[in-house]
There are 2 protein chains.
Amino acid sequence: MKKPATQAQREAGKKMGTVTKALSLLTFFTQTRPEIGLSDLTRLSRMNKATVYRLLTELQAAGFVEQAGADRAYRLGPEVLRLAALREAAVPILTVSRGVLDRLGAATGETTHVSLAKDDMLNTIAHAYSPLHATRVAMEDAEVISFHGTASGMAVLAFATPEFTDAVLSGPLPAHTADTLTDPEAIRAVLDTVRAEGIAESVGGFEADVHSHAAPIFGPDSRPLGALAVAAPVSRMTPALRALIRSELRRAALELTRDIGGTCPPSYPGQAAA
Amino acid sequence: MKKPATQAQREAGKKMGTVTKALSLLTFFTQTRPEIGLSDLTRLSRMNKATVYRLLTELQAAGFVEQAGADRAYRLGPEVLRLAALREAAVPILTVSRGVLDRLGAATGETTHVSLAKDDMLNTIAHAYSPLHATRVAMEDAEVISFHGTASGMAVLAFATPEFTDAVLSGPLPAHTADTLTDPEAIRAVLDTVRAEGIAESVGGFEADVHSHAAPIFGPDSRPLGALAVAAPVSRMTPALRALIRSELRRAALELTRDIGGTCPPSYPGQAAA
DNA sequence: ACCAATGGTTCAAATAATGAACCAAATAAC
DNA sequence: GTTATTTGGTTCATTATTTGAACCATTGGT
């Protein structure tokens, strides 16, 4: 009787309320697709056009989306800025992150970034470049990256609940590059190492020529919220730089966790000593 | 038939869609009330507790709110940061504003801020201090200010549609200080001046001892989105500083409007000459 | 002039939202 | 230390909202 409706619904296999449907529309906006027309959004969401239109109208009235002048395509609205500012006032992740990123970037001379876990992906919310080198790993905020193919993702997975890790590893694991790990068992083996060291490392797993280190950051409930990472060109990596990055990254991640009011779990390396 | 929304509508007893109801819950979070319990939100929203609970659950699933660890109070969630980063990628108001604010602050030596119009209020989304003086006007992001009592608000009202101006002026006009203008006709007279000069000025109208200047910033449709403002202590204001502020502010506001892809309306002073 | 898009609208049918009453647990009051 | 109140959370029959096929009016391409 009931058709498989929206994408999220089919993925989750559950029913979704009207509010969830409306909010799920917002997830179709990405960096590469910042504006979406009614028909496109209808196709993307697999919902009825009238439904999408009504939901968009409500989202628009609330300022979550607005219509770009030229065509009548929709894009995210100014209200999200207001809420983000408010969220920052309550939990200053962005503000704190920027300071930590700048210092970590200065100490290592490489590109740094913070990403937060959301569903089955990570979102980069802030980044910083070091002026030290002319060549650097380029980043964008709001970039979406996978769990299995990145150091940040592995750092989170290593300290996530087993159920979550299982869910991620049982899903599709696309290879971003020739060096991406795609075998669940191989990934689990790496996660054991990450758990032991507290830092994840990835050489060319997401982007070729990028050597990444990442450490998890934890929330008040000791669960990993996301990760702090340093991305360096493979060509520049040396044992000395690697040691520097690992030491600075470990320190910076602990600082970030602390400053946002989080606590590391007992299993995190170095906690017992504290 | 258009469908305006939010608090005003609920108070008026009209119908609002489920999505609007859910999103309206988010409006109860403020700087001074960053966390709200279920019962409190039920009272604030005047909705049924079960309804509020279900809406919150959906908002939580989408990451728009989360529950603080201690009590089970709700606060804004990390998803708003992601959306804000995306919005910034599409319309870089914050990024551009910060640059403009810094330069304007450096040029004038005073506190600068950008506020966006939302319903019947303005929201400060970014601010910058100048290190020049030890005494300065303090600001917070996400601060909410009124239209009628502030230079920023007057700057927007002066170039808003007559209907919008009428709506604001027919609403309650509380006096923030002894110097707040509360008479609609007096306000309209001031708006005429603002329209002629392109800059609004307020001495102690919102906070005593603060002398504010503000210029509107316009969107792609030539409608005012908000305002760029300079706030100086009354005690420091001199004719020379006033002239400096007005000239720098005018330049900075035009720059901001341009950089976010907006266009000034023909009625804006100085447009004909261009 | 046509065709195929687009954004937007309508209305009966089907579904999802609602709200009073109800828990259990935590505070507050006595 | 017992009682009364308030909290977050849950249930389920009633109700009102959402839904979706079909329908416009424009726009742009050929």
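Each chain gets a letter, A, B and so on, in the order the sequences are listed, and its residues count up from 1.
Put simply, A:T51 has a side-chain N or O that comes within less than 4.0 Å of OP1 or OP2 on D:dG20. Between B:Q67 and the phosphate of D:dG9, there is a side-chain N or O to OP1/OP2 separation shorter than 4.0 Å. At least one side-chain nitrogen or oxygen of B:T18 sits closer than 4.0 Å to the OP1 or OP2 atom of D:dT18. The phosphate of C:dG7 (OP1 or OP2) has no side-chain N or O of A:Y53 nearer than 4.0 angstrom.
Checked by atom type, the side-chain pair A:S152/A:S115 shows no donor-acceptor distance below 3.5 Å.
With sequence neighbours left out, A:S39 forms a side-chain hydrogen bond (donor to acceptor under 3.5 Å, both in side chains) with no residue at all.
Between A:Q60 atom CD and C:dG8 atom C1' there is a gap of 12 Å when expressed in whole angstrom units. In this structure, CG of A:L55 is placed 10 Å from P of D:dG20, rounded to the nearest angstrom.
Among the nucleotides C:dT18, D:dT19, C:dG8, the one closest to the side chain of B:K21 is C:dT18.
Using a 4.0 Å cutoff on non-hydrogen atoms, the parts of residues 33-43 of chain B near DNA chain D are B:G37, B:L38, B:S39, B:R43, ordered by number.
The nearest pair of heavy atoms linking B:Y74 to B:F29 is O-CE2, 3.1 Å.
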query: Which parts of nucleotides 22-30 of chain D does protein reach within less than 4.0 Å, heavy atoms only, written one letter per nucleotide 5' to 3' as B for base, S for sugar-phosphate only and - for none?
result: ---------

